[in-house]
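Each chain gets a letter, A, B and so on, in the order its sequence line appears, and its residues count up from 1.
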Protein chains: 2
Amino acid sequence: MALRHAVLAALLDEERSGYQLAKAFDVGVANFWHALPQQLYAELTKLEREGLVAGREVVQETRPNKRVFQATEAGLAELREFTAAASKPSFIRDDLLVKVQGADHVDSGQLIEQLGERATAAEAKIELFSALLHQMRGDESEDEFLLDGERIGPYLTCLRGLAFERDNRDWCRRIADVLRARQAAALSHRPG
Amino acid sequence: MALRHAVLAALLDEERSGYQLAKAFDVGVANFWHALPQQLYAELTKLEREGLVAGREVVQETRPNKRVFQATEAGLAELREFTAAASKPSFIRDDLLVKVQGADHVDSGQLIEQLGERATAAEAKIELFSALLHQMRGDESEDEFLLDGERIGPYLTCLRGLAFERDNRDWCRRIADVLRARQAAALSHRPG
DNA sequence: TCAGAATAGTCAGATTCTTGACTAGAAGGA
DNA sequence: TCCTTCTAGTCAAGAATCTGACTATTCTGA
């Protein structure tokens with residue numbers, strides 16, 4: 001039931017279209033939740049029917065028309081209720097970790113390659129999040145902004161995303177190094 | 001489709017019962033995947049039917065009998081195929097992040113409390129993972145173990161879990177501090 | 001100029017995950 | 001002695017998520 005609250009949280013400060021939400025909840029950003037466009041459009045329909053978000057048609061000249069949504073008072077109340085309830089613990093669920101768990105039984109080369117790809121993807125996210133953070137805080141230092149900024153929610157979740165991706169990158173690189181070192185050691189033990 | 005591979009990866013090195021798996025994939029450990037007992041028992045049944053794991057009845061005196069499973073050659077082949085394929089990116093999906101995203105519109109006190117609870121839970125996992133890592137590497141240093149250890153897969157995923165929980169703890173504490181500082185600042189601006 | 005990406009969505013179907021309940025004996029603590 | 005927890009599972013139903021396809025128009029790069 002948290003997708004609906006994630007959508008509400010994303011529609012608190014500004015109007016967004018389903019399409020904009022879809023991009024925000026996509027692989028590229030997804031700093032506090034992830035969902036596919038289909039889920040988002042479906043959820044927006046439900047939320048609007050329940051009066052938790054309000055939709056508005058925006059006529060565009062050169063682009064297809066779109067509907068933009070914003071959380072209503074009722075939506076905010078729903079989000080507050082959600083916030084008051086206990087949070088479920090969050091779990092890791094990652095294909096790559098499953099593969100590394102089997103590291104002793106599978107081809108190291110493939111793992112090293114995938115770890116490299118993941119590290120590159122993490123690096124790209126790090127750049128993106130860093131730029132987003134800088135944009136949000138403007139000229140201020142982070143500490144200043146967090147003390148007197150008006151909208152710090154998105155900044156805080158972005159910080160979490162940044163830390164996650166840094167860890168991700170560092171871990172991938174470390175593990176790839178370990179696997180390479182073991183390949184080298186294995187070669188030197190039984191050479192030729 | 002990754003649960004089946006997570007189960008296979010968990011059954012590579014040693015036999016385990018569904019019940020043992022359930023504990024390993026539970027909230028408490030879950031260092032490379034998470035699943036509920038119901039999912040695991042169902043998946044084990046499927047895997048056995050497909051010949052990817054082999055089950056064996058163990059008769060116990062004082063405890064209910066149990067069935068223990070281990071990956072077969074076919075299971076290992078399946079896992080290798082999985083490893084060769086591209087990994088899906090991993091996403092954050094966390095109730096608490098949704099709540100923090102809405103931080104500017106909800107009660108800070110509740111958030112601070114939940115951040116504290118999460119930090120405590122993370123700390124407990126940190127202890128657990130640290131102990132597990134120590135147990136796995138024995139007397140050796142980490143670098144030594146990772147270079148010449150025989151089964152490093154579970155160690156590597158545990159390292160990832162440790163880093164994740166450390167980040168989690170640090171971020172929760174930092175955000176709770178920020179929210180407290182803002183509460184204090186708000187009080188001093190409009191006192192009484 | 002022509003293919004491909006971006007904008008702005010929708011639909012159906014399958015799979016996966018979660019919630020909740022239920023059985024049953026043994027061990028441990030108050 | 002009784003209550004709770006632990007071991008060791010099973011069943012059904014519902015919610016959430018993912019896969020894949022489909023419609024249109026417009027802008028952009030080769």
Once you round it to whole Å, what is the distance between C1' of C:dT18 and CG of A:L3?
15 Å

Whole-Å distance between D:dA15 C1' and A:E43 CD?
11 Å

B:L36 CG - D:dA12 C1' separation (whole Å)
15 Å

Choosing from D:dC11, D:dA15, D:dG9, which nucleotide comes nearest the side chain of A:M1?
D:dA15

When you get a sec, tell me which of D:dT7, C:dT7, D:dT17 is the closest nucleotide to the side chain of B:P64?
D:dT7

Just the rounded figure in Å: distance from P of C:dA24 to CG of B:N65.
16 Å

Distance-minimising heavy-atom pair for A:R118 and B:P89:
NH2-CA, 4.0 Å

Counting side-chain heavy atoms from C-beta on, which of C:dT16, C:dT18, D:dA8 comes nearest to B:K46?
C:dT16

With respect to the side chain of B:Q60, which nucleotide from D:dC18, D:dA8, D:dT10 is positioned closest?
D:dA8

Shortest side-chain distance from B:Q39, nucleotide among D:dT17, C:dC17, C:dA6:
C:dC17

In Å, rounded to the nearest 0.5 Å, how long is the span from CD of B:Q101 to CG of B:D94?
12.5 Å

Nearest to the A:K88 side chain among C:dG9, C:dT19, C:dT16, which nucleotide is it?
C:dT19

Nearest to side-chain heavy atoms of A:Q38, which nucleotide of D:dA21, D:dG9, C:dG9
D:dA21

Value in whole Å for how far the C1' atom of C:dA8 lies from NZ of A:K23
11 Å

Residue-phosphate contact under 4.0 Å: B:Y19 side-chain N/O, D:dG9 OP1/OP2:
no

B:H5-B:F82 aromatic ring centre distance below 6.0 Å:
yes

Is there a side-chain polar atom (N or O) of A:K66 under 4.0 Å from OP1 or OP2 of C:dA6?
no

In whole angstrom, what separates A:F91's CZ from C:dT18's C1'?
11 Å

A:F32 ring center near A:F25 ring center (under 6.0 Å)
yes

Measure from the side chain of B:R63, starting at C-beta and using heavy atoms only, and say which of D:dT26, C:dG25, C:dT10 lies closest.
C:dG25

Picking from D:dA8, C:dT18, D:dT17, which would you name as closest to the side chain of A:W33?
D:dT17

